[in-house]
Amino acid sequence: MTAGHGPTRPVVVVGDVGLDVITRPSGDIRWHSDTPSAVALVPGGAGGNSASWLAGLEAEVTLVARVGDDAAGTACRGELEAAGVTCAFAVDPALPTCMVVILLDAHGDRTMFPDRGANRAFSVADVDLASLGLPLDPRPHLHLSGYVLFDAGSRAAGLESLRQARELGWTTSVDPQSPALIEREGVSAFLSWVSGVDLLLPNENEVVALGGLAAVLDHAREVVATYGAAGARWVGADVDESAEAPFVDNVDATGCGDAFNAGLLSAWLRGEDRSSALRAGVAAGSAAAARVGARPR
């Protein structure tokens, strides 16, 4: 608990869990030949990333996800539990745990090649928020990764998590995660899925893909948009707040948005004002950019 604020509200994160293979070539890629590289195998997945950062910021966090019945799934669970995350995982008997190959350029910007694996089969049967045993006071918050909605196999489970949260009286947030997937599925479809959420958390490219902040505010109560080195902005009917970002050497942009979400939510859910929550989000996102991998150390 932070002095001057109420108790931290518990967070339930619904999203992907997996492993990231991060590859940083030593120079220009020699296609069809060999390029010496630095390669790291690290825990990842948007849901796992945000949950891990939330736990690192002393939030009570439960992660609802699906992993494979394999060594990678066991490793993901062990790492998250060691970080203080409660794992409410379904185990898929056939599909493997998610794996993502991430290619970093010289500026730390990333191109991803995801195989969602067991996350593709995340189902309505995997979602039972009432059974998690969370208190009614303070009321919990649900944070949903947009990747769950963009995959036809897991979409129903993502929508069910939002439905159950609203029925229970929880607040909700969604990170769209990918402008390319917004364009693939269509803006109208995505906005219909997230209509009524308390916070939508897009980055600048996702704002553009969604048609601008005004269009998004017709569907979400408030929007918190991130703009990389230019900071972040929180807008709504009675709010328009901005926060600048500090200069950091961008080593790896993987998971910066997931870290931002955690920083912002951890502050907002313990009763801090929007300006303070924005600064907390920017601080966490900047810390993520300065290291390889998407998780806090």
Side-chain angles (χ1 to χ4, degrees), residues 1-13 15 46-63 80 83-85 138-146 170-177 197-204 206-207 213 220-236 238-291 293-297:
M1 186 184 300
T2 299
H5 299 287
T8 302
R9 293 164 53 198
V11 188
V12 174
V13 176
N49 296 340
S50 286
S52 186
W53 279 94
L54 280 161
L57 293 165
E58 301 184 350
E60 177 187 346
V61 56
T62 300
L63 177 59
L80 285 161
V85 177
R139 63 174 173 158
H141 177 86
L142 177 85
H143 176 69
L144 173 65
S145 166
W170 299 6
T171 51
T172 57
S173 58
V174 176
D175 185 334
Q177 303 284 179
V197 298
D198 294 286
L199 294 178
L200 194 68
L201 305 168
N203 65 25
E204 58 184 316
E206 291 151 11
V207 170
L213 290 174
R221 290 185 174 87
E222 297 182 4
V223 179
V224 183
T226 55
Y227 295 91
R233 182 182 176 194
W234 191 321
V235 296
D238 61 349
V239 59
D240 191 344
E241 296 269 2
S242 296
E244 296 181 352
F247 173 79
V248 296
D249 184 9
N250 184 23
V251 174
D252 179 3
T254 309
C256 290
D258 304 328
F260 173 88
N261 295 340
L264 177 119
L265 290 173
S266 66
W268 183 58
L269 294 173
R270 64 175 171 257
E272 296 191 26
D273 61 30
R274 294 178 180 95
S275 179
S276 297
L278 270 179
R279 291 195 298 271
V282 168
S286 298
R291 63 189 64 168
R295 301 283 179 88
R297 292 289 184 267

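All values reported here derive from a predicted model rather than from experimental measurement.
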Criterion side chain to side chain contact (heavy atoms under 4.5 Å, CB included) on V85 and T62, from CA distance to verdict: CA-CA 6 Å; V85 177; T62 300; over 6 Å; no

Derivation of the side chain to side chain contact (heavy atoms under 4.5 Å, CB included) call for V61 and V13: CA-CA 7 Å; V61 56; V13 176; 3.9 Å; yes

side-chain hydrogen bond (donor to acceptor under 3.5 Å, both in side chains) between R9 and T171, intermediate numbers included: CA-CA 10 Å; R9 293 164 53 198; T171 51; 2.4 Å; yes

Derivation and outcome, side chain to side chain contact (heavy atoms under 4.5 Å, CB included), residues V224 and F260: CA-CA 10 Å; V224 183; F260 173 88; 3.7 Å; yes

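Here the CZ atom belonging to R233 is positioned 6.0 Å from the OG atom belonging to S242, to the nearest 0.5 angstrom. Taken from CG in L63 to CG in N49, the straight-line distance is 10.0 Å, to the nearest 0.5 Å. Within the model, atoms CG of L200 and CD of E206 stand 8.5 Å from one another, a figure rounded to the nearest 0.5 Å.
Listed by chain and number, the residues in a side chain to side chain contact (heavy atoms under 4.5 Å, CB included) with A277 are W234, L264, A267, W268 (sequence neighbours excluded). R221 pairs by the side chain to side chain contact (heavy atoms under 4.5 Å, CB included) definition with D198, not counting sequence neighbours. Residues satisfying the salt bridge (Lys or Arg N to Asp or Glu O under 4.0 Å) criterion with E222, sequence neighbours excluded, are R274. Applying the side chain to side chain contact (heavy atoms under 4.5 Å, CB included) rule to S276 yields the partners E272, D273, R279; only residues at least two apart in sequence or on another chain are considered. The side chain to side chain contact (heavy atoms under 4.5 Å, CB included) test applied to S173 returns H141, H143, L199, L201, L265, not counting sequence neighbours.
When every heavy atom of W53 is checked against every heavy atom of A287, the shortest pair comes out as CH2-CB, 4.1 Å. Across G48 and L80, no two heavy atoms sit closer than the pair O-CD2, 3.7 Å.
At least one donor-acceptor pair under 3.5 Å links the side chain of S286 to the backbone N or O of V282. Without hydrogens or angle criteria, S50 side chain to D258 main chain gives a donor-acceptor distance under 3.5 Å.
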